[in-house]
Amino acid sequence: MLFQADPETDEVYAQMALQPVNKCDKEALLASEMGLKQNKQPTEFFSKTLTASDTSTHGGFSVPRRAAEKIFPPLDFTMQPPAQELVAKDLHNVSWTFRHIYRGQPKRHLLTTGWSAFISTKRLLAGDSVLFIRDEKSQLLLGITRANRQPPALSSSVLSSDRMHIGILAAAADAAAKNSRFSIFYIPRLDEGR
DNA sequence: AGCCATGCACCG
DNA sequence: CGGTGCATGGCT
């Protein structure tokens, strides 16, 4: 599986190559699953769809409290106010630095300096999402997913969700029949419904 | 106008 | 009642 970022839109996605297996390969499949479990490191993440004030030139980024506490390095609360510099790499290996400060009444986590440069460079708008990942080395990774700017005016009879699934199943069945490989793409919408 | 700080008030 | 979106004000 590959983690990628589209060079045009900069959206993060995962590409997975799926290999159909028959019953003879069941042992190998189980073995690889065991390997995955052993490899598994607790990589934590959070994503948030950007609000109007998150993307406006007037303010910074309001970080959900739990998200900041889970993903960001702990602040030194003896400082007044508690603040630190965050560095996060996007999937093009470009580093972005933000000032992370905890202030306000009531107190809240904010990203200030560096945030507007990120917003404008990536051309993010309200409704788009940002994704922060803390990997196994405690490095911060940063990704974005853009909102659907132009909801497709297609009639549901042309491209319904059901027919989409039928298409995927057909592709999988065809690959299985020929015992060949096929790929699927996954664009995360990790904070839907939150 | 851009950027950062502060506090109100809404909403679950 | 806690959390955060938003309006507002100051400073450059």
Side-chain angles (χ1 to χ4, degrees), chain A residues 3-14 40-153 156 160-161 164 185-194:
Chain A
F3 288 108
Q4 314 228 34
D6 187 290
E8 298 287 330
T9 68
D10 207 38
E11 292 191 88
V12 291
Y13 62 90
K40 204 166 201 175
Q41 300 277 24
T43 74
E44 302 266 32
F45 67 88
F46 81 89
S47 79
K48 179 196 179 185
T49 77
L50 299 171
T51 66
S53 42
D54 287 331
T55 53
S56 90
T57 60
H58 210 72
F61 175 59
S62 184
V63 189
R65 188 176 168 274
R66 294 164 199 274
E69 291 171 355
K70 189 171 63 174
I71 303 301
F72 295 162
L75 289 166
D76 178 7
F77 284 94
T78 67
M79 301 301 297
Q80 285 307 319
Q84 66 182 334
E85 188 170 89
L86 289 185
V87 179
K89 273 188 181 180
D90 65 19
L91 289 188
H92 303 297
N93 230 30
V94 175
S95 288
W96 300 85
T97 71
F98 307 107
R99 175 171 165 83
H100 168 209
I101 189 169
Y102 184 72
R103 59 164 171 76
Q105 197 53 237
K107 297 268 186 287
R108 87 286 310 265
H109 293 268
L110 298 165
L111 298 188
T112 58
T113 309
W115 180 251
S116 67
F118 177 72
I119 289 296
S120 63
T121 304
K122 300 287 191 187
R123 295 191 167 81
L124 291 173
L125 302 174
D128 297 338
S129 301
V130 292
L131 172 69
F132 283 89
I133 306 166
R134 192 191 62 202
D135 71 8
E136 62 276 4
K137 301 169 225 161
S138 284
Q139 307 287 318
L140 277 183
L141 304 180
L142 185 50
I144 63 177
T145 73
R146 294 174 197 279
N148 298 327
R149 296 265 160 60
Q150 294 162 1
S156 58
S160 70
S161 174
M164 183 80 94
F185 294 86
Y186 173 63
I187 299 179
R189 304 281 182 213
L190 297 167
D191 60 347
E192 259 181 16
R194 293 248 162 170

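Order of the sequence lines fixes the chain letters, A, B, ..., with proteins taken first and strands second; residue numbering starts at 1 for each chain.
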Is the distance between the ring centroids of A:H109 and A:F72 under 6.0 Å? no
What about the rings of A:F118 and A:F61, do their centers lie closer together than 6.0 Å? no
Over how many whole Å does the gap from [X] atom [atom1] to [N] atom [atom2] extend?
| X | N | atom1 | atom2 | value |
| --- | --- | --- | --- | --- |
| A:Q105 | B:dC10 | CD | C1' | 17 Å |
| A:H58 | B:dA5 | NE2 | C1' | 10 Å |
| A:D54 | B:dC4 | CG | P | 14 Å |
| A:Q80 | B:dA5 | CD | P | 14 Å |
| A:H109 | B:dT6 | NE2 | C1' | 17 Å |
| A:L50 | C:dC6 | CG | P | 12 Å |
| A:L111 | C:dG5 | CG | P | 12 Å |
| A:R99 | B:dC4 | CZ | P | 9 Å |

Pick base, sugar-phosphate or nothing for A:T57, based on heavy-atom distances below 4.0 Å to the nucleic acid. base
Report which part of the nucleic acid A:S56 touches: base, sugar-phosphate, or nothing (heavy-atom distance under 4.0 Å, all strands). nothing
Within the structure, does a side-chain N or O atom of [X] lie under 4.0 Å from either OP1 or OP2 of [N]?
| X | N | value |
| --- | --- | --- |
| A:T113 | B:dC4 | yes |
| A:R65 | C:dG3 | yes |
| A:S116 | B:dG2 | no |
| A:R103 | B:dA5 | yes |
| A:K107 | B:dA5 | no |

Decide, yes or no, whether a salt bridge links A:D128 with A:R123 under the criterion of side-chain N to carboxylate O below 4.0 Å. no
In terms of side-chain geometry, is the basic nitrogen of A:K122 or A:D90 positioned less than 4.0 Å from the acidic oxygen of its partner? yes
Under a 4.5 Å cut-off applied to non-hydrogen side-chain atoms, are A:F132 and A:L111 in contact? yes
If you find the nucleotide of DNA chain B closest to A:W115 and the one closest to A:R108, which residue's nucleotide is nearer the 5' end? A:W115
